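One structure is given here, and the rest of the page talks about it.
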Amino acid sequence: MILYNITVIVEDGLSDEWLSWMNESFIPTAMSSGLFQSNRLLRVLGSPNEGETFCLQFTCAELEAYNSFKDSYEKGLFEKLHGRFGNRLVSFNSLMELVN
């Protein structure tokens, strides 16, 4: 099992607009790729960062599914994300493998 995690730190006051867009656009587009089995969106409590921190997680059965997503969808989705919100957020990705 592969977990693709996107951590996003959004400016104070932006979270409602960002959450709406993520739920209406980003997540449905990623899930419509057919490459992920599930997703969840979490708010990080007690983050030391300014603003609010969120983690968006997608799971897939194999690394090949993630690689297909990365090759076909990731760049376009992040261009839309940063095009819409500009420098009002910062994001970084991590890829993990479930070992237990």
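Only a predicted model underlies this, so the values are computations on that prediction, with no experimental measurement involved.
The aromatic rings of Phe69 and Tyr66 are tilted relative to each other, their planes meeting at an angle between 30° and 60°.
Under a hydrophobic-cluster definition in which Ile, Leu, Val, Met, Phe, Trp and Tyr are linked whenever side-chain heavy atoms come within less than 4.5 Å, directly or via other members, Tyr73 and Met31 are assigned to the same cluster. Note on Leu95 and Leu35: same hydrophobic cluster, where clusters join Ile, Leu, Val, Met, Phe, Trp and Tyr whose side-chain heavy atoms are under 4.5 Å apart, directly or indirectly. Taking hydrophobic clusters as Ile, Leu, Val, Met, Phe, Trp and Tyr residues chained together by side-chain heavy-atom distances below 4.5 Å, Leu89 shares a cluster with Leu41.
Counting all heavy atoms, side chain and backbone alike, Thr59 lies closest to Met1 at CB-SD, 3.7 Å. Listed here is the closest heavy atom pair of Ser47 and Val44: CB-CG1, 3.9 Å. The shortest heavy-atom contact between Gln37 and Ala61 is NE2-CB, 3.4 Å. Shown here for Asn93 and Glu74, the closest heavy-atom pair between the two residues is ND2-OE2, 3.4 Å.
The existence of a salt bridge linking Arg84 and Glu17 is confirmed by a sub-4.0 Å separation between a basic side-chain nitrogen and an acidic carboxylate oxygen.
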Just do the side-chain contact (heavy atoms from CB on, under 4.5 Å) check on Val10 and Arg88 with the steps written out, would you?
CA-CA 6 Å; Val10 301; Arg88 298 182 298 162; over 6 Å; no
Assess the residue pair Val8 and Phe92 against the criterion (side-chain contact (heavy atoms from CB on, under 4.5 Å)); give the C-alpha distance rounded to whole Å, side-chain angles, the decisive distance to 0.1 Å, and a yes or no.
CA-CA 7 Å; Val8 182; Phe92 63 91; over 6 Å; no
Evaluate the criterion side-chain contact (heavy atoms from CB on, under 4.5 Å) for residue pair Lys80 and Phe85; output intermediate values, then yes/no.
CA-CA 9 Å; Lys80 288 180 183 178; Phe85 297 103; over 6 Å; no
Would you check, one step at a time, whether the test side-chain contact (heavy atoms from CB on, under 4.5 Å) holds for Glu79 with Leu77?
CA-CA 5 Å; Glu79 285 174 352; Leu77 277 172; over 6 Å; no
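Within the 4.5 Å cutoff, the side chain of Leu63 has no heavy atoms near those of the Glu97 side chain. The side-chain heavy atoms of Arg43 and Leu19, taken from C-beta on, include a pair separated by under 4.5 Å. Two residues are said to be in side-chain contact when any heavy atoms from C-beta on lie closer than 4.5 Å; Ile6 and Cys55 fail this criterion. Residues Leu42 and Phe54 are not in side-chain contact: their nearest non-hydrogen atoms beyond the backbone lie 4.5 Å or more apart. For the pair Met96 and Ser94, the minimum side-chain heavy-atom distance is below 4.5 Å. Proximity of Lys70 to Lys75: side-chain heavy atoms (C-beta onward) are nowhere separated by under 4.5 Å. Side-chain atoms of Asn39 and Gln57, non-hydrogen and from C-beta on, never get closer than 4.5 Å to each other. For the pair Phe58/Ile2, no side-chain contact is recorded, criterion being any heavy-atom separation below 4.5 Å from C-beta on.
Side-chain contact check for Asn5 and Thr7: at least one donor-acceptor pair (N or O, by modelled atom type) lies under 3.5 Å.
Considering OG of Ser32 and CD1 of Ile27, their distance stands at 12.0 Å, rounded to 0.5 Å.
Close placement of the Phe78 and Phe26 rings is indicated, their centers lying within 6.0 Å of each other.
Within the 3.5 Å criterion, the main-chain N or O of Trp21 finds no donor-acceptor partner in the side chain of Ser25.
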